[in-house]
There are 2 protein chains.
Amino acid sequence: MTTKKTRPQAPSFDFPLPFTTVDVVIFTVADDALKVLLVQRPQDKKSEPFPGWWALPGGFVDVAVDQDLLACAERKLREKTGVLTPYLEQLGSWGGAARDPRGWSATHVYFALIPSRDIELAKGANAADVAWFAVEDVLADPRLAFDHAAILQTAVERLRGRVEYTSLPAFLLPEPFTLPQLQRIYEIVLNRAVDKSGFRTRMLAAQFLVEAGHVEGSSNRPAMGYRLADRRTPVVFPRTFSPRD
Amino acid sequence: MTTKKTRPQAPSFDFPLPFTTVDVVIFTVADDALKVLLVQRPQDKKSEPFPGWWALPGGFVDVAVDQDLLACAERKLREKTGVLTPYLEQLGSWGGAARDPRGWSATHVYFALIPSRDIELAKGANAADVAWFAVEDVLADPRLAFDHAAILQTAVERLRGRVEYTSLPAFLLPEPFTLPQLQRIYEIVLNRAVDKSGFRTRMLAAQFLVEAGHVEGSSNRPAMGYRLADRRTPVVFPRTFSPRD
DNA sequence: AAAATAGTGTCTTTGAGACAATATCAG
DNA sequence: CTGATATTGTCTCAAAGACACTATTTT
């Protein structure tokens with residue numbers, strides 16, 4: 001993490017400043033499972049905390065490069081996955097004296113949804129230290145650097161919560177996609193079955209899909225393909241999926 | 001903003017750090033209107049940006065005093081209002097090169113809901129520079145310091161959004177309160193009328209209110225008083241108030 | 001024709017919206 | 001009793017849940 005161009009800090013203050021970082025929780029669905037992208041922290045350098053541990057991709061804000069927090073998050077995402085314009089939403093921020101052994105730090109966390117086919121994991125020297133993990137496995141054995149386990153936990157809760165009443169899962173699929181494919185994504189993220197008929201009615205009534213011709217499935221009856229009318233913002237449904245107790 | 005106790009910064013880095021601040025959007029309802037607490041920035045000191053402008057209460061994180069971001073937000077809130085344990089939720093963070101003339105800065109924003117009777121505005125020397133403003137007025141003429149107008153806008157949208165399907169407005173009332181009083185708060189925040197019958201059914205079905213004996217109103221029929229079963233977390237309703245187009 | 005998946009129809013239930021009706025207090 | 005406010009009841013409607021049924025493809 002080096003600064004290419006240094007800029008003089010405006011007035012100097014007589015009190016210590018916390019570190020400012022940005023982390024990105026990058027989700028995708030592959031192999032019928034919700035996955036999250038993790039990077040392995042350097043093993044060798046002893047100055048770096050949590051050597052060899054897995055962590056969310058992220059790092060220090062570079063005030064000479066990043067115009068704002070969102071731009072910084074987009075940069076981190078691009079550097080690790082090559083993806084340019086995914087669904088990206090701010091999750092929140094975590095900051096305190098104890099989360100980083102180097103001192104008081106605060107991280108601004110974003111979460112991203114990307115179709116698994118769009119991904120081209122960071123190549124070159126550091127290719128080996130980036131990998132997808134099944135969210136279920138990571139949460140069951142949450143040994144992540146810093147407070148990243150808690151952050152991931154919050155991100156998954158936020159994702160599951162949103163999926164109950166928005167079209168978010170559509171951002172996890174490459175276009176065009178079929179309604180059965182989309183339903184499958186909902187079921188994977190929510191970890192429960194969803195009724196076919198009600199699902200179709202809800203999706204089509206929400207008016208966010210545009211037909212894109214039939215897609216030839218591997219076999220059997222072909223299904224209608226759809227694209228998103230708006231690739232930036234999810235649609236909000238009038239009710240959640242299950243008001244059941 | 002001075003640090004009482006300085007702590008040596010762990011390792012020194014060769015790149016400039018952004019400033020880290022915390023701001024709090026403090027809402028209450030008084031005089032039949034949604035209000036927000038603002039503080040006036042110092043007029044005299046020329047080193048301070050936006051002299052004389054109104055701003056959200058907040059300021060630099062004090063790494064010697066604040067254990068974490070939430071504790072910092074609670075401190076700011078306590079210093080301005082004397083309130084100890086209100087409803088407090090993280091709103092998000094704003095950071096970039098342009099928002100503060102002194103340099104790259106990032107602020108972590110919380111929003112608080114407090115009953116207007118609990119408030120004791122900051123006394124002493126700086127009593128005059130803290131005041132309640134009608135949210136409607138501020139949004140109509142949004143001349144606030146930094147990017148605080150945008151932050152307030154987001155906070156109001158978040159509040160209005162949550163109020164559609166949660167019991168949040170209950171945190172704006174002192175206990176015990178009556179259902180008609182609570183309904184009035186909903187109407188003020190949402191800025192529209194709410195049906196009485198449906199409102200009562202919804203509130204009572206959600207099981208978050210406990211009866212607290214009759215409250216003698218100014219006249220007419222007395223209403224049942226209620227307290228919150230859980231003073232920390234709001235209840236989520238199965239649907240929003242108006243799915244109408 | 002059989003298997004498999006895509007897509008539709010029907011009935012029930014939940015909870016909101018509209019609005020009328022009744023209850024209980026002060027004066 | 002009257003006025004005002006609190007509280008309840010009735011009818012309708014939108015959308016979800018359950019589940020059976022039909023449609024279209026491949027083999």
Side-chain angles (χ1 to χ4, degrees), chain A residues 32 161-167 169 173 176-187 190-226 235-245, chain B residues 32 161-167 169 173 176-187 190-226 235-245:
Chain A
D32 274 354
R162 286 249 193 290
V163 164
E164 293 279 0
Y165 63 99
T166 69
S167 65
L173 278 175
F177 53 83
T178 69
L179 282 179
Q181 284 170 346
L182 184 58
Q183 181 178 349
R184 187 78 193 103
I185 305 290
Y186 271 89
E187 293 179 333
L190 294 176
N191 198 29
R192 70 162 187 267
V194 166
D195 181 77
K196 188 172 43 169
S197 174
F199 179 81
R200 299 176 65 90
T201 320
R202 167 186 276 221
M203 293 302 140
L204 295 175
Q207 302 261 318
F208 69 102
L209 299 172
V210 289
E211 297 193 351
H214 281 268
V215 172
E216 63 275 19
S218 51
S219 72
N220 308 109
R221 176 173 174 177
M224 175 61 71
Y226 294 91
V235 160
V236 177
F237 304 128
R239 306 191 198 168
T240 69
F241 261 105
S242 65
R244 302 256 171 276
D245 294 62
Chain B
D32 274 353
R162 285 246 194 291
V163 165
E164 293 280 0
Y165 63 99
T166 68
S167 65
L173 277 175
F177 53 84
T178 69
L179 283 178
Q181 284 170 346
L182 184 58
Q183 181 178 348
R184 188 79 193 103
I185 304 291
Y186 271 90
E187 293 178 334
L190 293 176
N191 199 28
R192 69 165 188 266
V194 166
D195 181 77
K196 191 170 40 170
S197 173
F199 180 82
R200 301 176 64 92
T201 320
R202 167 186 271 218
M203 293 303 140
L204 295 175
Q207 302 260 316
F208 69 102
L209 298 172
V210 290
E211 296 193 351
H214 281 269
V215 172
E216 65 275 18
S218 50
S219 71
N220 308 110
R221 177 172 174 177
M224 176 61 72
Y226 294 91
V235 159
V236 177
F237 304 129
R239 304 191 201 167
T240 69
F241 261 105
S242 65
R244 301 253 172 278
D245 295 63

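In what follows, chains carry the letters A, B, and so on, assigned in the order in which the sequence lines appear, proteins first and then strands, with residues in each chain numbered from 1. Owing to the predicted nature of the structure, the values given are computational and were not obtained by experimental measurement.
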message: Rounding to an integer number of Å, can you tell me how far A:K196 NZ sits from D:dC21 C1'?
response: 10 Å
statement: When rounded to whole Å, the CG to P distance for the pair A:L179 and D:dA23 reads 19 Å
- prompt: Within this structure, what is the CZ-to-C1' distance between B:R239 and D:dA15, rounded to whole angstrom?
  reply: 7 Å
query: Can you tell if the side chain of A:V163 reaches within under 4.5 Å of the side chain of A:I185, non-hydrogen atoms only?
result: no
field: Length of the CG-P vector between A:L204 and D:dA15, whole Å
entry: 14 Å
message: At less than 4.0 Å, is any side-chain N or O atom of A:R202 found next to OP1 or OP2 of D:dA16? Yes or no.
response: yes
task: Let me know the distance between CZ of A:F177 and C1' of C:dA6, rounded to the nearest Å.
output: 16 Å
- request: Return the value, rounded to whole Å, for the distance between atom CE of B:M203 and atom P of D:dA6.
  value: 16 Å
message: Is it the case that the base of C:dG15 and the side chain of B:T201 share a donor-acceptor contact (distance under 3.5 Å, atom types as modelled)?
response: no
field: Heavy-atom donor-acceptor pair, A:R221 side-chain to D:dA23 base, under 3.5 Å
entry: yes
- line: Rounded to whole Å, CD of B:Q183 lies from P of C:dA16 at a distance of 14 Å
field: Whole-Å gap separating C1' (C:dT5) and CG (A:L182)
entry: 17 Å
task: Can you figure out which of C:dG15, D:dA4, D:dT7 approaches the side chain of B:P238 most closely?
output: C:dG15
- prompt: Side-chain donor or acceptor of A:R200 under 3.5 Å from a matching atom on the base of C:dA6?
  reply: no
